Protein chains: 2
Amino acid sequence: MRSPDVLRARQSLAPYARPAVAVDLVILTLVEGALHVLLIRRGESPFEGRLALPGGFLRVGDGQEDQGEDLDLAAARELQEETGLASEDVLLEQFATFGRPGRDPRMRVLSVAYYALVRPELALRVRAGGDAAETRWEPVAELDGHSLAFDHGHILQVALARMREKLDTSALAFSLVPERFTIPELRTVFSAVKGEPQDPGNFRRKVKRLVEDGVLEPAPGVRRTASKPAALYRFRAS
Amino acid sequence: MRSPDVLRARQSLAPYARPAVAVDLVILTLVEGALHVLLIRRGESPFEGRLALPGGFLRVGDGQEDQGEDLDLAAARELQEETGLASEDVLLEQFATFGRPGRDPRMRVLSVAYYALVRPELALRVRAGGDAAETRWEPVAELDGHSLAFDHGHILQVALARMREKLDTSALAFSLVPERFTIPELRTVFSAVKGEPQDPGNFRRKVKRLVEDGVLEPAPGVRRTASKPAALYRFRAS
DNA sequence: GCAATAGTGTCTTTAAGACACTATCAT
DNA sequence: ATGATAGTGTCTTAAAGACACTATTGC
C-alpha cells in the first residue's frame with residue numbers, strides 16, 4: 001500500500017478522475033393535507049419515462065479565478081428553473097450527498113441533495129402538468145419508492161426522515177403553511193410530516209407556548225373555513 | 001436564459017467541468033473529559049504549516065464499469081490510513097458537503113464531510129505526534145477556528161452542532177465511551193458535547209430509563225476509580 | 001337546527017431540573 | 001478517618017397525551 005504522503009503528492013500533481021456532481025431537489029408542499037413532491041417525467045435514457053427528482057449539474061468554472069457557483073446557489077437556480085420560485089420564498093436546505101457507484105449507469109455522479117419547502121399558495125403557481133417536461137406534484141404517501149429513477153426514492157426517504165427529526169426543533173413547519181396561518185393549518189403540517197394525526201387541544205397548547213415565547217405572533221384577520229373561522233398567526237423572524 | 005430542456009441536453013452530451021471531490025474527516029474522541037479532534041499539520045501549500053482535518057480525494061473509476069469507491073468507503077479508507085482504525089470500531093457518519101467556490105485556492109473542490117467518533121481506548125492507539133505527517137489530537141475547546149486550513153474550522157463547528165442535535169436522540173454518545181462503560185463516563189461525554197456539566201443524579205435517572213427500555217444493559221464487572229468503583233453497562237445492539 | 005370544527009379546560013403521566021443525602025471505595 | 005465520587009431520594013416544574021366540553025361559524 002502506498003503511504004499517505006505519496007498519495008497526497010500524487011493528488012496535488014495529477015488528480016484522480018473527477019465525478020460529475022449534480023444538485024437534486026426534493027421539493028415538497030402540502031396539498032389537501034397531504035405531502036406532495038414535485039417530480040419530473042424523464043424524457044431520455046436512462047430511466048426514460050420514469051419519474052425523477054428535479055435537479056441539474058453543478059456549474060464549475062474552468063480555473064482558479066472562476067470556480068463556478070456555490071452549492072446553495074446551484075440549488076436555488078435549479079429551483080427557479082424547475083418551478084419559477086425564488087429561493088427567498090422557499091426553505092431550501094442541504095441534507096445529504098449521495099454517491100454510490102452505479103447509481104447512474106452512465107458515469108460516476110454525486111448528488112448533493114436539498115429539500116425545498118413550498119407554501120401551498122406558491123405551489124399553485126408552479127407550472128405543473130402542463131409542461132413539455134411534464135412536471136407534477138405527486139402525493140408522497142402513495143409513491144412506490146421503486147418507481148422513481150436512479151436512487152431518488154431513497155433520497156426522498158432520507159429527506160423525509162430528516163424533516164421528521166427537525167420538525168419539532170426548528171422553524172421548518174412554518175415554511176409549509178401560508179405566511180399567515182391558522183393553528184389547524186399548522187397542525188395539518190405536523191400530521192402530514194409525522195404521518196399521524198395530532199390532537200387538536202394538545203397541539204393548540206404547544207402553539208400557544210410558541211406565542212408566549214415570542215416565536216409566533218398573532219396576525220390580523222381570520223381565515224374563513226367550512227365551519228368556525230380561525231385566528232391567524234405568523235412566524236416572527238426577529 | 002436557456003430553457004431547461006436545452007440545458008439538459010447540453011449536460012448529457014457535453015458535461016460541464018467537474019469539481020474535485022474530497023472526503024474530509026472530523027475524528028473526535030474524549031481525552032480527560034474534553035473533546036479532542038485529530039488534526040494534521042500540512043506540509044505543503046496552500047496553508048502550509050497550518051492544522052487541517054485529515055482527508056483525501058474520492059477515488060473515481062475511469063468509466064461505466066469501474067465507477068470507483070462509495071463515499072462511505074472512501075471515508076472508511078481515509079480513517080484507516082490516517083489512524084489505523086477500522087471503520088467497524090468507529091461511528092462514521094456523513095453530515096454535510098461543503099463547496100464554496102474559493103475554499104481551496106487551487107481549484108474547485110467539494111468536501112463531503114464525515115464525523116468519526118472514536119472510543120478513548122482506541123484513540124490511544126492512534127499514532128499521534130510521532131509521524132512525519134505530524135498527526136495530533138487537539139482539544140476542541142481551545143481551538144481558534146481561524147487557525148485551521150481551508151474552511152475546516154467551519155466544518156468542525158457544523159459537525160459539533162450536528163452532534164449536539166443528535167446526542168439525546170441517537171446512540172451517538174455510546175461511541176465515545178468504552179464498549180463497557182460507567183454512568184459517570186457517559187455523563188462526561190454529554191457534558192463535553194453539550195459544553196455544560198450534567199447533574200449526576202438526574203443523568204443517572206435518564207440512563208436508568210434507557211436500561212428499562214432495553215437500550216442499555218448491565219455488564220459484568222466494575223470500573224475501579226479514584227474513589228468508589230462504578231457499575232458497568234453496555235449498549236444493546238439488538 | 002345541525003354538522004363541522006375552532007377553541008377551552010381538566011386530569012394523568014412522564015421527564016427535566018435543583019439539590020439534599022447516603023454508600024463505598026482508595027489512600 | 002477522610003476525600004472523592006458512585007448512587008439514592010425528594011420536591012418542583014414543564015410538557016405530553018387523553019379526552020370531555022363549549023363556542024361560533026356555514027349550510
Side-chain angles (χ1 to χ4, degrees), chain A residues 30 32-34 120 164-170 173 177-178 180-234, chain B residues 30 32-34 120 164-170 173 177-178 180-234:
Chain A
L30 218 65
E32 290 166 12
R164 278 191 287 268
E165 277 177 6
K166 296 193 68 172
L167 188 64
D168 284 303
T169 54
S170 77
V177 288
R180 291 157 68 222
F181 57 88
T182 69
I183 291 179
E185 280 166 355
L186 192 62
R187 180 162 55 89
T188 307
V189 170
F190 275 71
S191 299
V193 174
K194 291 194 174 180
E196 54 190 18
Q198 302 295 106
D199 180 272
N202 297 337
F203 188 83
R204 175 172 300 274
R205 189 160 22 112
K206 180 153 66 178
V207 175
K208 283 300 181 64
R209 261 197 303 273
L210 293 179
V211 175
E212 285 167 19
D213 295 350
V215 178
L216 302 179
E217 64 183 3
V222 292
R223 174 94 67 230
R224 314 217 140 262
T225 74
S227 65
K228 179 176 173 179
L232 292 171
Y233 297 85
R234 76 161 69 90
Chain B
L30 219 64
E32 290 165 12
R164 278 190 287 269
E165 277 178 7
K166 297 194 68 172
L167 188 63
D168 284 303
T169 54
S170 77
V177 288
R180 291 158 68 222
F181 57 89
T182 69
I183 292 180
E185 280 166 356
L186 191 63
R187 180 162 56 90
T188 307
V189 170
F190 274 71
S191 299
V193 174
K194 292 194 174 181
E196 53 190 18
Q198 302 296 107
D199 180 273
N202 297 338
F203 188 82
R204 175 172 299 274
R205 190 165 15 120
K206 179 152 67 177
V207 174
K208 282 302 181 65
R209 260 196 304 272
L210 293 179
V211 176
E212 285 167 19
D213 295 350
V215 178
L216 302 179
E217 63 183 5
V222 292
R223 174 94 67 231
R224 315 214 141 265
T225 73
S227 65
K228 178 176 172 179
L232 292 170
Y233 297 85
R234 75 161 71 90

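Source: prediction; values computed, not measured. Order of the sequence lines fixes the chain letters, A, B, ..., with proteins taken first and strands second; residue numbering starts at 1 for each chain.
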Here's a test of your reading of the structure: between A/S227 and A/R205, which maps to the more 5' nucleotide of DNA chain D? A/R205

Could you tell me how the ring of A/F203 sits relative to the ring of A/F190: parallel (under 30°), tilted (30 to 60°) or perpendicular (over 60°)? perpendicular

Output yes when B/R205 and B/D199 qualify as a salt bridge under the 4.0 Å nitrogen-oxygen rule, no when they do not. no

Near-strand residues of residues 211-226 of chain B, defined as heavy-atom separation under 4.0 angstrom from DNA chain C: B/R224, B/T225, B/A226

Minimum heavy-atom separation for B/L167 and B/A173, please, with both atom names. CD1-CB, 3.8 Å

Quick check: does any side chain N or O of A/S191 sit under 3.5 Å from a backbone N or O of A/Q198, one acting as donor and the other as acceptor? yes

On DNA chain D, more 5' by nearest nucleotide between A/G201 and B/P200 is B/P200

Heavy-atom side-chain contact between A/V222 and A/L232 under 4.5 Å: no

A/Q198 CD to D/dA15 C1', straight-line distance once rounded to whole Å: 14 Å

B/I183 CD1 to D/dA6 P: how many Å, rounded? 10 Å

Could you tell me from which nucleotide to which nucleotide of DNA chain C, 5' to 3', there is an atom under 4.0 Å from chain B heavy atoms? C/dA15 to C/dA26

So does A/P220 get a backbone contact from the side chain of A/R180, meaning a donor-acceptor N/O pair under 3.5 Å? yes

The test is side chain to side chain contact (heavy atoms under 4.5 Å, CB included); show your working for A/V193 and A/K166 and say whether it passes. CA-CA 10 Å; A/V193 174; A/K166 296 193 68 172; over 6 Å; no

Here the distance between atom C1' of D/dG17 and atom NZ of A/K194, to the nearest Å, is 12 Å

Rounded to the nearest angstrom, tell me the gap between atom CZ in A/R209 and atom P in D/dT13. 16 Å

Among residues at least two apart in sequence or on other chains, which ones pass side chain to side chain donor-acceptor pair (under 3.5 Å) with B/E185? B/R223

